[in-house]
Number of protein chains: 2
Amino acid sequence: MDVKLKILRNKLLSQKLDGMIVSNPINVRYLTGLIEEGILLITPKENIFLTDSRYLENVNKKLTIEDEIVTYNIKDMTQYEYENVFNGCSSVGFEEKYVTYENYKRYLQQYRVELIETDGIVETQRVVKEDDEIECIEKACKITDDCFDYICNHIVEGMTEKEIAFEIEKYFVHHGADGLAFDTIVASGENSSVPHASPTDRKIQKGDIIQFDMGCKVNGYCSDFSRVIFVGEMKEEYKKIYDFVLDTHDRIALRYKDQVNIKPIIKDVETDYKLKGYEVLHSFGHGVGLEIHEIPIQRSTVDCMLKQNSVITVEPGVYIPGKFGIRIEDTYVVDKMGLNSLTKYSRDYKIVKLAKK
Amino acid sequence: MDVKLKILRNKLLSQKLDGMIVSNPINVRYLTGLIEEGILLITPKENIFLTDSRYLENVNKKLTIEDEIVTYNIKDMTQYEYENVFNGCSSVGFEEKYVTYENYKRYLQQYRVELIETDGIVETQRVVKEDDEIECIEKACKITDDCFDYICNHIVEGMTEKEIAFEIEKYFVHHGADGLAFDTIVASGENSSVPHASPTDRKIQKGDIIQFDMGCKVNGYCSDFSRVIFVGEMKEEYKKIYDFVLDTHDRIALRYKDQVNIKPIIKDVETDYKLKGYEVLHSFGHGVGLEIHEIPIQRSTVDCMLKQNSVITVEPGVYIPGKFGIRIEDTYVVDKMGLNSLTKYSRDYKIVKLAKK
């Protein structure tokens, strides 16, 4: 049985739960490696993956005896068999943030057992990554670094933001990524003044600032990375903000390590923003894993201890309305002594030449 | 007030509901045109869009007095104000297939009113399209037709399925689509034998069959279209299946019209598949609108009357395991006398030349 399933089983015991229905597909994937549709039933006797005919063949191919997961076809389940699943259990957890009211009712009817609301049991477990998970994120980060380098050398006169975004996405898919971690952001000139701009048909021109926010997935695990580049020249007004953002990034990153509370660090940075007259438009980072935004949440209002082998981003940004914005983001693993960077691309000023068509 | 909201209000009255909480963002978009996060509260006195600071400015820009929708900021809502929303109501509907157990509990606590499970109230209304909705789907279908024509003329020696899929997606975005209706399918050679293949790095070669299944969105409304093409030549074995699939497509499409029951038509086709020894691997079509798969469902086991101004697809397919598959799909509007095709690309045998690099 995978260590992730063992940890969950211990957690259920400590919370006095006899079993659990895991319905969130991200949590199912985390615990079983399966991307096929279905739910995972943790019972005192066994781990059951309940799926249907469309997926049965694939699932049986993927699972081995060592997984200790038995697969049932939903079609073969009688009411008697449903009631048998949690036979003898007095309380079984379900994910109240994920399960719809309709499915909750159906579970009650099928399993005839007391269902206990749970919130974030598996999500909390996902915060600390196993080695194989970090490896996947590392690979995704490497592809992202390489892709950014490729793109910086391939911006041609007259290219639009959308075209650059497409090149990025093409690169990802052709270099071993499963797909995008999120919709790629390429925001040039004044478009960069909004944190989550969608790529437009605006053509890149000399003097532009271009904000990139990009990431891909490897085995479902995400990378997250932001840089700005300057086309042909770097205007004086950009420098002050760039330096402040980079400085803020490092001031956060250098204080983060295992067993450190995020809250006062973020509080300090927010105070600094206020003093400088900058608005805080988004959080300064987030956890990364099978989802692009995971816990831990980095807020100045919530105590949150960092944990070794968590994967997080640091991403401060400053946005001057109607003019431009600058955000610098890296993906890191939390370690005993500090952060280890998984995206490694240089954060020096990057001035690119606009190649002729 | 938009006619869609008026129709819903009448429907609620006829079902003895005093109000409704619409939480499914697709339903909210359908009723209000808003894509911003929030929920729509239909109360006896007014229509309320409950959102937060991130969206308030945009929402207020979009809504006019004629919309008769008032916007509240979630931040300003006290418990007193929540209880006031459905004041005097004895029963208020909620979408049990969409609302999570956690949100259901929260709604109960906030609104202090009896919540009644509803299933598909707005979804059923969405089956019959208004003129402006059909116009959007028509535009999406036109872009899809044009894109397919473009692609057929731009398949170059050595191109992979993934590269072709990227070209399709690029074309969509550059020709007025909001984005993809679903992940584009480009499946060549033996890859076409699976209905929902993801594009691979397989290179196109002479003699290949290529299955396309593609669609884009305009104002959120989807198109859906499938064709196969033959590279350089069309092998004899493909012809028999192609003719059967095309014939099946037309046998369905020619019988469909307003007030016709889908069930016996699909039953006939399924019988025919059995006689020929083909397996039915997916449904023969589906409704299309703001979602790529909507009601009506086309099954041989369920009575379902077609309605004028529904938009549906017809998409029979035959798959020869390990060898190849052929699916031909068009998007149609249901009319009094029959179907009107919105995707109009020719269904003749299409043999394309492989251009040199």
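Any value given below was found using the heavy atoms of this structure, including those in side chains, with hydrogens, waters and symmetry copies removed. In what follows, chains are A, B, ... by sequence order, proteins preceding strands, each numbered from 1.
Residues A:Glu169 and B:Glu169 are not in side-chain contact: their nearest non-hydrogen atoms beyond the backbone lie 4.5 Å or more apart. Using a 4.5 Å cut-off on side-chain heavy atoms (C-beta onward), B:Lys162 and A:Lys170 make no contact. Looking only at side-chain heavy atoms (C-beta outward), A:Glu102 and B:Glu95 stay at 4.5 Å or farther from each other.
Heavy-atom distances place both the backbone and the side chain of B:Val173 under 4.5 Å from chain A.
Heavy-atom minimum distance, A:Thr100 versus B:Tyr98: CG2-O, 4.1 Å.
More than 12 non-hydrogen atoms from other residues, nucleotides or ligands lie less than 6.0 angstrom from CZ of B:Arg202. Taking a 6.0 Å sphere around NZ of B:Lys142, one finds it holds 12 or fewer heavy atoms contributed by other residues, nucleotides or ligands. By the 6.0 Å contact criterion, CG on B:Asn60 is enclosed, its count of non-hydrogen atoms from other residues, nucleotides or ligands being greater than 12. Heavy-atom neighbours of B:Asp119 CG from other residues, nucleotides or ligands within 6.0 Å: above the threshold of 12. The local environment of NZ in A:Lys274 is sparse, with at most 12 non-hydrogen atoms from other residues, nucleotides or ligands closer than 6.0 Å.
Under the 30°/60° scheme for interplanar angles, the aromatic rings of A:Tyr101 and B:Tyr104 are found to be tilted.
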